[in-house]
There are 2 protein chains.
Amino acid sequence: MRLTEKKITAMLRQRGYKLTPQRQAVLNVIALSHDHLTPASLYERVHQEHPGIGLVTIYRTLAILAELGLICEMHAGGNCRSYLLRRPSGHHHHLICSQCGGVVDFTDCDLGELEKRLSAETGFDIEGHLLEFSGLCPSCQRTASA
Amino acid sequence: MRLTEKKITAMLRQRGYKLTPQRQAVLNVIALSHDHLTPASLYERVHQEHPGIGLVTIYRTLAILAELGLICEMHAGGNCRSYLLRRPSGHHHHLICSQCGGVVDFTDCDLGELEKRLSAETGFDIEGHLLEFSGLCPSCQRTASA
DNA sequence: TAGGTAAATGAAAATTCTTTTCAATTCCAA
DNA sequence: TTGGAATTGAAAAGAATTTTCATTTACCTA
C-alpha cells in the first residue's frame, strides 16, 4: 500500500494542518514522483504548475511531512538533503555514490536480530534505524579508473 | 591495518602534496580521533594546538584526503557533513536517543553479507556504511512514562 | 645549503542553502 | 458568514562552504 496524495491530505487534516492549494501542489508532485527530490528540484516542479509559490513554503511543507513520518529525509553527497515518499515496508535504505550523489534504494536489511540484541544490551527502546551504504557507482568507477 | 598519521603523510608526499604544519596538525587530530568529525569540530580541535589555522585550510585538507580515499565522507542528519578516518572495518555506529540526544556507540554490526549482496546486485564498489538506530534511552523512557 | 617555483595559506568576499521575521492573506470550525 | 489561528511570500538573517587573491612556505635543484 503506497501512500497516496489523498491519504496524506487526510492525515494532515487529522493533525490539524490546513489544506492550502500550495500544500496540495507540493503533495501532488511528491506523490507522483518516484525520485528523490531536493527542496530545489521540488520547487522547480511545483513552480511550473503553481507559479508564485515560494521556496519557503516548500521547506515548510517538507518539514511537516517529515515530522509526520510521511516522507523520508536523507542526506547524500553534494547537494545534501533529499526527500522521498515513504514506502510501505516502513524502512527505507540507501546506497549512495560518494562521487556523483546517485542513490539506489533497497528495503530488506535484516537488522531485527541486531536490534533485539542492542535493545537488550543497552536498555534502549529502539524505534527505528537508518542504514546507508556509500561507495562508487558503476559509472563513477569507470570515470575514476580512466 | 589502521591508517596512521605516518602512512597518510607518506601517501600525501607520494602524490605531490606538500607537508605543511597545518596539514600535519589536521592529520594528527583525524588520526587520533575515533569520532565522526565535522569540518567545524575538526577546526575547533586543531585550533587549540595550532591557533591561526584557518577554517578554509580544514576544508581544503579534508577535500584532499577524501579525494585520496583516506577518509570517508558521510552525510547524516542535522549538520550534514562529517568525516572519519577510513578504517579496516569501515564501521562506526550509533544508537541515538531521540529525546535527549545521548549517543551509544557499537561496532559489530554484521552487515558483511548484506554488503556483498548489494554490491553484486548494484555494481557499486561499497566503501563504507552508516548505521544508526534511534529510540528512547532507559532514562528517557522513565521520564516519558512518568 | 641557498634559490626558484609551484603549491599552500589566511582573510575576506562571494555563493549556496536554509531559517526566521513579519505583515498580509487564507482556511475552516462555529 | 465570521473570527481567529494558521499559512503564505518577500525580504532579511544566518549558517555552511567555496572562491579569490596577495603573501608565505615547502621542497626540489643546483
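Numbers restart at 1 for each chain; the letters A, B, ... are given by sequence-line order, proteins then strands. Values below: every heavy atom of this structure, side chains too, minus hydrogens, waters and symmetry copies.
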Sort me out a list of protein N/O and nucleotides 27-29 of chain D N/O pairs below 3.5 Å, or just none if empty.
residue	atom	partner	partner atom	Å
D:dC27	OP1	B:L19	N	2.8

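- With rounding to whole Å, B:R60 atom CZ is found 11 Å from C:dA7 atom C1'.
- A:L12 places its CG atom 14 Å from the C1' atom of C:dC27, with the value rounded to the nearest Å.
- Closest to the side chain of B:T57, out of D:dA10, D:dA26, C:dG10, is C:dG10.
- Put simply, the side chain of B:S119 gets close to the backbone of B:F124: a donor and an acceptor are under 3.5 Å apart.
- Within residues 42-51 of chain A, no residue has any heavy atom closer than 4.0 Å to DNA chain D.
- Nearest heavy-atom pair across B:A25 and B:V46 is CB-CG1, 3.9 Å.
- With hydrogens and angles ignored, the 3.5 Å screen pairs a side-chain donor or acceptor of A:T122 with a backbone N or O of A:L118.
- One interatomic measurement links the two molecules: CG of B:L55 to P of C:dG10, which rounds to 10 Å at whole-angstrom precision.
- Rounded to whole Å, atom P of C:dG10 lies 15 Å from atom OH of B:Y59.
- Within the 4.5 Å cutoff, side-chain heavy atoms of B:L19 are placed close to those of B:R13.
- For the OP1/OP2 pair of C:dG10 and a distance below 4.0 Å, the side-chain nitrogens and oxygens of B:Q22 include at least one atom meeting the criterion.
- Put simply, CG on A:L68 and CD on A:Q14 are 9.5 Å apart, with the number rounded to the nearest 0.5 Å.
- Rounding to whole angstrom units, CD of residue B:Q24 and P of C:dA8 are separated by 14 Å.
- Contact of the A:L42 side chain with the A:T61 side chain is not registered, since no non-hydrogen atoms from C-beta on lie closer than 4.5 Å.
- Note on B:G16: nothing from the nucleic acid sits closer than 4.0 angstrom, heavy atoms only.
- A:L114 places a side-chain heavy atom less than 4.5 Å from the side chain of A:R117.
- For the pair A:Q14 CD and C:dA29 P, the computed distance is 13 Å after rounding to whole Å.
- Under the 3.5 Å distance criterion, the side-chain polar atoms of B:R23 are matched with a main-chain donor or acceptor of B:K18.
- One atom, CD1 of A:I53, and another, P of D:dA10, lie 11 Å apart when rounded to the nearest Å.
- Hydrophobic clustering of Ile, Leu, Val, Met, Phe, Trp and Tyr side chains at less than 4.5 Å, counting indirect connections, keeps A:I30 apart from A:V56.
- With hydrogens and angles ignored, the 3.5 Å screen pairs a side-chain donor or acceptor of A:Q141 with a backbone N or O of B:G123.
- In this entry the distance linking CG of A:L62 with C1' of D:dT8 reads 16 Å, nearest Å.
- When atom types are taken as modelled, the side chain of A:S41 and the backbone of A:L37 share no donor-acceptor pair closer than 3.5 angstrom.
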Give every pair of a protein N or O atom and an N or O atom of nucleotides 13-15 of chain C that lie under 3.5 Å apart, one pair per line with the distance.
none

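- Considering only the side chain of A:V56, D:dA10 comes nearest among C:dA8, D:dA10, C:dG10.
- Counting heavy atoms from C-beta on, the side chains of A:Q22 and A:I58 never come closer than 4.5 Å.
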